[in-house]
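Every heavy atom of this structure was used, including side-chain atoms; hydrogens, water molecules and symmetry mates were not.
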Protein chains: 2
Amino acid sequence: MQFSVRLPVATHILLCIEKFQGEYKTTSTFLAGSVNVHPVIIRKTLGQLRTAGLVEVAAGVGGAKLTRSPKDITLLDIFRAVEEEEDLFHFQENPNPQCPVGRNIHRVLGTRLEKIKQHMMDDLAAITLEELLNAVNEEDVP
Amino acid sequence: MQFSVRLPVATHILLCIEKFQGEYKTTSTFLAGSVNVHPVIIRKTLGQLRTAGLVEVAAGVGGAKLTRSPKDITLLDIFRAVEEEEDLFHFQENPNPQCPVGRNIHRVLGTRLEKIKQHMMDDLAAITLEELLNAVNEEDVP
DNA sequence: ATAGATGTAATAATATGTGTTACAATGGAT
DNA sequence: ATCCATTGTAACACATATTATTACATCTAT
């Protein structure tokens, strides 16, 4: 079980938008060429990023740009833009309320798993697009 | 995107095995009654827990028991027993190596996501079956 | 031997993720 | 005003993962 490719792809898109700003028009086809997915996937993802307020996309003319500085965009912003807000783990719906384990498992285990998810969110929030962009620029191994 | 019901179900199973040890024979049908899933799901999950060395199952006669104390079984043990070992996020296979973002994204983002997964594993390792069992016993709200 | 139980394969139904085609709508360029 | 590259979005196809269920061979205390 793993999270989908959407966070990595969305992050890739945002990095390209910022890196190539002014140099190339970052159309869905251009971005698709870097990420290596179908342009429609790019457009769908850009749509989610636009809904989340992270990018502005020029309808008609084409191209996208960030709405704010890369230092103010975190992986958590991107994660929330492309993933549903839900529990980290799926719980069995109707455990037996006659059983002391059954009637307590969701609360007892759920609260603890909730905290783990919160840690994950905190970790994602600590990584900015700027940090990733710097790493790409400084550690580039052509 | 969320993890499957397997970790919660496996944890439920282990809690029941320990809680009802000596009182009831914890067969797949008995456990299925508490978890509210099909007995075959229980048997498959018990199979994974047995492979991981967490339980012994009495073939033929029926019933299961833990191989060690609940304080020595963590959620990480259970997680590893029922989930594949893989990256937390799925990466796009072939990003464009001509693009500075494309040829660095996997390493730059991957190493950071790897750390987040490690934190999650550490969090899971910090929660023991004993802690959960105590919580079930002490906070039981019938 | 029998009865109840496990181990496991096979199948089905459902959901999710990803790729693709198609096309209306947009908006600058001419 | 028209053209054309582009976006936005629906529709569909396909693969994979998850969960439920049936079936049955195997096991073991009695």
Geometric class of the B:F89/A:F79 ring pair [parallel <30°, tilted 30-60°, perpendicular >60°]:
perpendicular

Do A:K115 and A:D122 meet the salt-bridge criterion of a basic N to acidic O distance under 4.0 Å?
no

Round to a whole Å and report the spacing from CZ of A:F3 to C1' of C:dT16.
14 Å

Lys/Arg-Asp/Glu bridge criterion (N-O < 4.0 Å) met for A:R68, A:D77
yes

In whole Å, I'd like the distance from the CD atom of A:Q48 to the P atom of C:dT18.
11 Å

Whole-Å gap separating P (C:dT16) and CD1 (A:I41)
17 Å

Out of C:dG19, C:dT21, C:dT6, which nucleotide sits closest to the side chain of A:K44?
C:dG19

Salt-bridge contact B:E131-B:K71 (side-chain N to carboxylate O under 4.0 Å)
no

Distance check needed: C:dT16 P versus A:R6 CZ, whole Å only.
10 Å

Looking across every strand, which nucleic acid part, if any, lies under 4.0 Å from A:G62 by heavy atom: base, sugar-phosphate, or nothing?
sugar-phosphate

Verify the contact: side-chain N or O of B:S28 to OP1 or OP2 of C:dT6, cut-off strictly under 4.0 Å; return yes or no.
yes

Distance, rounded to the nearest Å, where B:H38 contributes NE2 and C:dA5 contributes C1':
14 Å

Closest of C:dT18, C:dT26, C:dA22 to the A:A59 side chain is C:dT26

DNA chain C: 5'-proximal contact among A:G60 and A:V40 (nearest heavy atom)
A:V40

At under 4.0 Å between heavy atoms, what does B:K25 touch on the DNA or RNA strands: base, sugar-phosphate, or nothing?
sugar-phosphate

Residues A:E139 and B:R107 bridged, charged N to O under 4.0 Å
yes

Select base, sugar-phosphate, or nothing to describe what A:V57 touches, counting heavy atoms under 4.0 Å on all strands.
sugar-phosphate

Between C:dG7 atom C1' and B:L46 atom CG, what is the distance in whole Å?
11 Å

Would you kindly give the CD1-to-C1' distance between B:I42 and C:dG7, to the nearest whole Å?
15 Å

If you count heavy atoms of other groups shown closer than 6.0 angstrom to CD of A:E84, is the number above 12?
no

Extract, from 5' to 3' on DNA chain D, the first and final nucleotides lying under 4.0 angstrom from some heavy atom of chain B.
D:dT18 to D:dT28

Remember a base hit wins even if backbone is also touched, and classify A:V61 as base, sugar-phosphate or nothing at under 4.0 Å, heavy atoms.
sugar-phosphate

Between A:R50 and A:E56, does any side-chain N to carboxylate O distance fall below 4.0 Å?
no

So, does B:R50 get its side chain near the phosphate of C:dT8, meaning an N or O under 4.0 Å from OP1 or OP2?
yes

Which whole-number value in Å describes the distance from B:Q2 CD to C:dA15 C1'?
12 Å

